[in-house]
Amino acid sequence: MSIIQVEGLTKSFRIAERKAGFFGAVSGLFSRHYRNVEALRDVSFEINAGELVGYIGPNGAGKSTTIKILAGILVPSSGRCEVNGRVPWRQRRDHVASIGVVFGQRTQLWWDLPVIESFDLLRDIYRVSQDRYVATRDELIELLDLRDFLDTPVRQLSLGQRVRCDIAASLLHEPTIVFLDEPTIGLDAVSQLSVRAFIKQIAEERHVTVLLTTHDLDDIEAICDRLIVINDGNLLLDGTIDDLRSRYGDGRYIAVELESFKDVPHEHEDLVVERSDSHILFCIENDVPAFINHVLAEYPVKDLLVTHPPIERVVASMYQTERIAS
Amino acid sequence: MIHAIGLFGRLYLTSIRAKMQYRAAFILLVCGTFFIGAMEALGIWALFDRFGNLGVWSLAHVAFLYGTVNIVFSSVDITARGFDTFGAGLIQTGQFDRVLVRPTYVAILVASRDVGLHQLGRLLQGLLVFAYALYALDIDWTVGKVLLYVFAVIGMYVFFFGIQIIRATMCFWTIETLELVNMFSHGGQETAQYPMSIYNESFTKFFTYVIPLACVAYFPIVAVLEVDEPLGSTMLFQYLSPLAAFVFFGCCLFFWFFGVKRYQSTGS
């Protein structure tokens, strides 16, 4: 059953154009030119309860705009949108009581208060009963390993600690849907791994629907079963990661480790992704076995590894293909 | 609604506690606002000492008006600080989005987010001037006058609070807080400290019928002090005039709701 329905969603902003420099700023006070920016053009998708969906696109693609519309913050220019059977911006208060939102770059916690007091205030804002609150809170503290800094003011937390607290804060009222806007941005590798593992676990245990925007495709591979890609306000792809690969990057990476850097033929330069004295990395679209045979015959091969191209590369090639197409 | 009021109380106390963490800044700011107010009051005293009365208004009469206005204005500054710093604190930083994803009234979260405790100094100063006026004037307090005075004080509070809401609402269009609107907040405070009868007629009309500042300060206090009134208002008008502030406040709230809706359809 679909819990989020988006149909023909369009949003345009009127942006005042500024001329550069001081005099430009002054003249902008008196006459302004406006320009319409289409942040979303006719975007449609449905998300079922319990799905973990990654929402990606380059900067300015319209990801945040979509999240803000789904969260009831913005009203679209046209199109239909229902979340949990409600129109977000019309029934804002009822709607937001059943969702959780994390903006990775902004905290929802009270800057000068200990973490635990922020949690208490959220209990009051969301009117969670004391029993449920204590049970949920303690479980989240346990899962996210927050115990050591519950009494620390938020302004003194590290980014990794703060993001974990923010995620816990967004789940205290047991929402059925969680929107995560770049939750792993700026985190170190260890924190990234723990945040990913947690999102996956909590979504499965509590049957929470997750819509996650990110620039880090490892997030998607680790967490999501489905991927929606937008670029320039248009929906480019809605499918699994395998769909993405088969459409835009159905090749193989062949990493060759060399015995010596002598006697290495310089050929197929268009297929070489990386080259060093001891390594060559090829990206091959067709007839992989034949190419491997060729390499084994002509190159001083010490070792050879065949892999999928990293998803970054697939997405980059997709953006490029679409840019040429449009 | 009851839940919302209780929630406001809790969040507001939280903001007070957060402010108190910066103790040195708090103490210095309180002393600062106290002495700024005290210098101003001293200036008024010096003028009266040199030039005598202002028409029928003695120093004690002006002190009564001045004290009242400053008590109320600083109370508004203390309690409506969230609206005061709305542009820089919520709109420019994009934090307003966070406010919109909470299942309660936006105005409650905005109002309780910040508290202007530094104005306690000004409040104290206003109370001292007011105490002097009470001591010097020997007012014949009837039940009617007490009720009128309370009515006027609440009206004045609501009036200045409304101005702060307008200031904040403008930020939906301008992003920044407009200094222009300070004309009505701080300018209004300055204006209301003195009897309206000293200003010229069009100015007085503007502050009666357009921005109903005189309706919560001058007119009701004329009735309380029983001084002669050269503007020719009737006793009935003086008793009813604070009502205008509530109408004004309603308009301010309406403007606020309109602003929030606009943000939702244009914000980025």
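In what follows, chains are A, B, ... by sequence order, proteins preceding strands, each numbered from 1.
- Proximity to chain A at a heavy-atom threshold of 4.5 Å picks out B/Y105, B/V106, B/L109 from residues 105-130 of chain B, in numerical order.
- Ring to ring, B/F96 and B/F86 are close: their centroids are under 6.0 angstrom apart.
- Atom CZ of A/R155 sits in a crowded spot, with more than 12 heavy atoms from other residues, nucleotides or ligands closer than 6.0 Å.
- Contact of A/W110 with chain B is made through the side chain alone, with heavy-atom distances under 4.5 Å.
- Judged purely by distance below 3.5 Å, without hydrogens or angles, the side chains of B/Y263 and B/D97 pair a donor atom with an acceptor atom.
- Residues of residues 2-12 of chain B lying under 4.5 angstrom from chain A, judged on non-hydrogen atoms, are B/H3, B/L7, B/R10, B/L11 by number.
- The environment of OH in B/Y22 is crowded: more than 12 heavy-atom neighbours from other residues, nucleotides or ligands sit within 6.0 Å.
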* Test side chain to side chain donor-acceptor pair (under 3.5 Å) on A/D181 and A/Y55 and set out the steps. => CA-CA 9 Å; A/D181 196 6; A/Y55 196 56; over 6 Å; no
* Any chance you could lay out the side chain to side chain donor-acceptor pair (under 3.5 Å) test for B/Y157 and B/T79, step after step, and finish with the verdict? => CA-CA 10 Å; B/Y157 179 86; B/T79 48; 2.6 Å; yes
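- Residue with the most contacts toward chain B among A/E117, A/H95, A/Q105, A/H173: A/E117 (heavy-atom pairs, distance under 4.5 Å).
- Counting only N and O atoms by type, the side chains of B/Q164 and B/R167 include a donor and acceptor under 3.5 Å apart.
- A/R164 contributes a side-chain N or O that, together with a main-chain N or O of A/L144, makes up a donor-acceptor pair within less than 3.5 Å.
- Interface remark: of the candidates A/S12, A/A39, A/S98, A/A97, A/A97 forms the most heavy-atom pairs closer than 4.5 Å to chain B.
- Each of A/V128, A/T136, A/V134 was scored for a side-chain contact (heavy atoms from CB on, under 4.5 Å) with A/R123, with one residue passing: A/V128.
- If you measure heavy-atom distances from A/I69 to chain B, you find no contacts under 4.5 Å at all.
- Using a 4.5 Å cut-off between heavy atoms, B/T93 touches chain A through its backbone atoms (N, CA, C, O) alone.
- Under a 3.5 Å cut-off, the side chain of B/R98 and the backbone N or O of A/V101 do form a donor-acceptor pair.
- Of the residues listed (B/F258, B/W256, B/F255), the one engaging B/F172 in a ring-ring contact (aromatic ring centres under 6.0 Å, His included) is B/W256, and it is the only one.
- B/L213 pairs in a side-chain contact (heavy atoms from CB on, under 4.5 Å) with only one of the listed residues (B/T208, B/I163, B/T191, B/T204), which is B/T191.
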